[in-house]
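So the structure is just underneath, and the comments pick up after that.
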Amino acid sequence: MTAPVFVVDDFAAGPGGRFVVEGPEGRHAVSVKRLRPGEDVVLTNGGGLWADCVVLGSEGKDRLIVQLDSVSEAEPESPHITVVQALPKGDRGELAVETMTETGVDAIVPWAASRCVTQWKGERGAKSLAKWRATAREAGKQSRRVRFPEVAGAMSTKQVAALLATADLAAVLHEDPEAGSAALATAELPCAGSIVLVVGPEGGVSPEELTAFAAAGARPYRLGPSVLRTSTAGTVAAALVMARTGRWS
């Protein structure tokens, strides 16, 4: 099994490379994982910086002492993959974020589509966004990533269209046969740059939204003969793209 990952804000080691993991991360390492001297761990800031470490010991219930010798930086993946996720009902949003993070998505954008039942407003919206970001962090650790996906603030359709206009490939997942959707499995994919995939709500992407996205250069694509839930479509599409671009080679 690969070494567990813990998040730290900095890598300022003391004499001899001695580093203390404390707070919630230290408590999890000492009291939950029960790590022992000699075991390997990985420390990361979630932004690409990371270090292989060896456990030296622990202090109390929330301080893990490790040997940290050097810090490395993981290069950003290419092409950069962003999934624009329409707001699902209930906890399906966190499910989508969790599985997309495990798959390797680089950025996640919550989208307030016109047919979304859920709307993020005021304090509720702030709490929901915080849950998505916490889910991305925990899923990043669980899947042994050292560069966690960025979860942006919720965007309007106009803002999503502006994002699509900057992409090297802009794809709207849309299963309506009348929309002339092409198969994402056969789309010409860039080997670098950015790919933006848009996942609509359970009610689908509205004609007005499709028109706005088309004006930004996005095309409709389908994944297959079956219709996926909004909470799983982004993960499936990202996996397909990563396999085809070589990111999973």
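Computed from heavy atoms alone, side chains included, the values below leave out hydrogens, waters and symmetry copies.
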In terms of hydrophobic clustering (I, L, V, M, F, W, Y; side-chain heavy atoms under 4.5 Å; direct or indirect links), are Val199 and Ile195 co-clustered?
yes

Does the side chain of Lys89 come within less than 4.5 Å of Pro201's, by heavy atoms?
no

Has Ser181 got a side-chain atom pairing as donor or acceptor with His174's backbone, closer than 3.5 angstrom?
yes

Are Leu87 and Val160 linked, directly or through intermediate hydrophobic residues, by side-chain heavy-atom contacts shorter than 4.5 Å (ILVMFWY only)?
no

Indicate the atoms forming the closest heavy-atom contact of Arg247 with Pro79, along with that distance.
NH1-O, 2.8 Å

Arg63 side-chain N/O to Val21 backbone N/O, donor-acceptor pair under 3.5 Å:
no

Taking the side chain as C-beta and beyond, is there a heavy-atom pair between Val109 and Val83 under 4.5 Å?
no

Within-4.5 Å side-chain heavy-atom neighbours: Pro149 and Asp106:
no

Side chain to side chain contact (heavy atoms under 4.5 Å, CB included) between Val172 and Val205, worked out
CA-CA 9 Å; Val172 181; Val205 183; 4.1 Å; yes

Would you say the side-chain atoms of Arg244 pair up with the backbone N or O of Ala239, donor to acceptor, closer than 3.5 Å?
no

Could you verify whether a donor N or O on one side chain and an acceptor N or O on the other, from Ser206 and Arg115, lie under 3.5 Å apart?
no

Looking only at the aromatic ring of each residue, does the gap between the centers of Trp120 and Trp111 stay below 6.0 angstrom?
no

Give me the atom names and distance for the closest heavy-atom approach of Tyr221 to Ala171.
CD1-CB, 3.4 Å

Would you say the side-chain atoms of Glu209 pair up with the backbone N or O of Ser114, donor to acceptor, closer than 3.5 Å?
yes

Side-chain cluster (under 4.5 Å, hydrophobic types only) that Val20 belongs to, other residues
Leu56, Ile65

Can you get from Val241 to Leu169 by hopping between Ile, Leu, Val, Met, Phe, Trp and Tyr side chains that sit under 4.5 Å apart?
yes

Donor-acceptor pair, distance only, cut-off 3.5 Å: does the side chain of Gln67 make one with the backbone of Arg18?
no

Given 3.5 Å as the limit, does a donor-acceptor pair link the side chain of Gln85 with the main chain of Thr230, or not?
yes

Compare every heavy atom of Leu228 with every heavy atom of Ala233, then report the nearest pair and how far apart it is.
CA-CD1, 4.0 Å

Is the side chain of Glu138 donor-acceptor paired with the backbone N or O of Thr135 at a distance under 3.5 Å, no angle test?
no

Are Asn45 and Asp10 side-chain neighbours, meaning at least one heavy-atom pair lies under 4.5 Å?
no

Taking the basic N atoms (NZ, or NE/NH1/NH2) and the acidic carboxylate oxygens, is any pair closer than 4.0 Å for Lys61 and Glu22?
no

Restricting to side-chain hydrogen bond (donor to acceptor under 3.5 Å, both in side chains), what partner residues turn up for Ser128, sequence neighbours left out?
none

Donor-acceptor pair between Ser231 and Arg92 side chains, under 3.5 angstrom
yes

Single-linkage hydrophobic cluster Leu43~Trp50, side-chain heavy atoms < 4.5 angstrom:
no

Within a strict 4.5 Å, meaning less than it, do heavy atoms of the Val84 and Leu163 side chains meet?
yes

Which atom of Ala167 lies closest to which atom of Val196, heavy atoms considered:
CB-CG2, 3.6 Å

Just wondering, do Arg137 and Arg145 contact through their side chains at under 4.5 Å, heavy atoms?
no

If hydrophobic clusters are built by linking Ile, Leu, Val, Met, Phe, Trp and Tyr wherever their side-chain heavy atoms come under 4.5 Å apart, do Leu49 and Val42 end up in the same one?
no

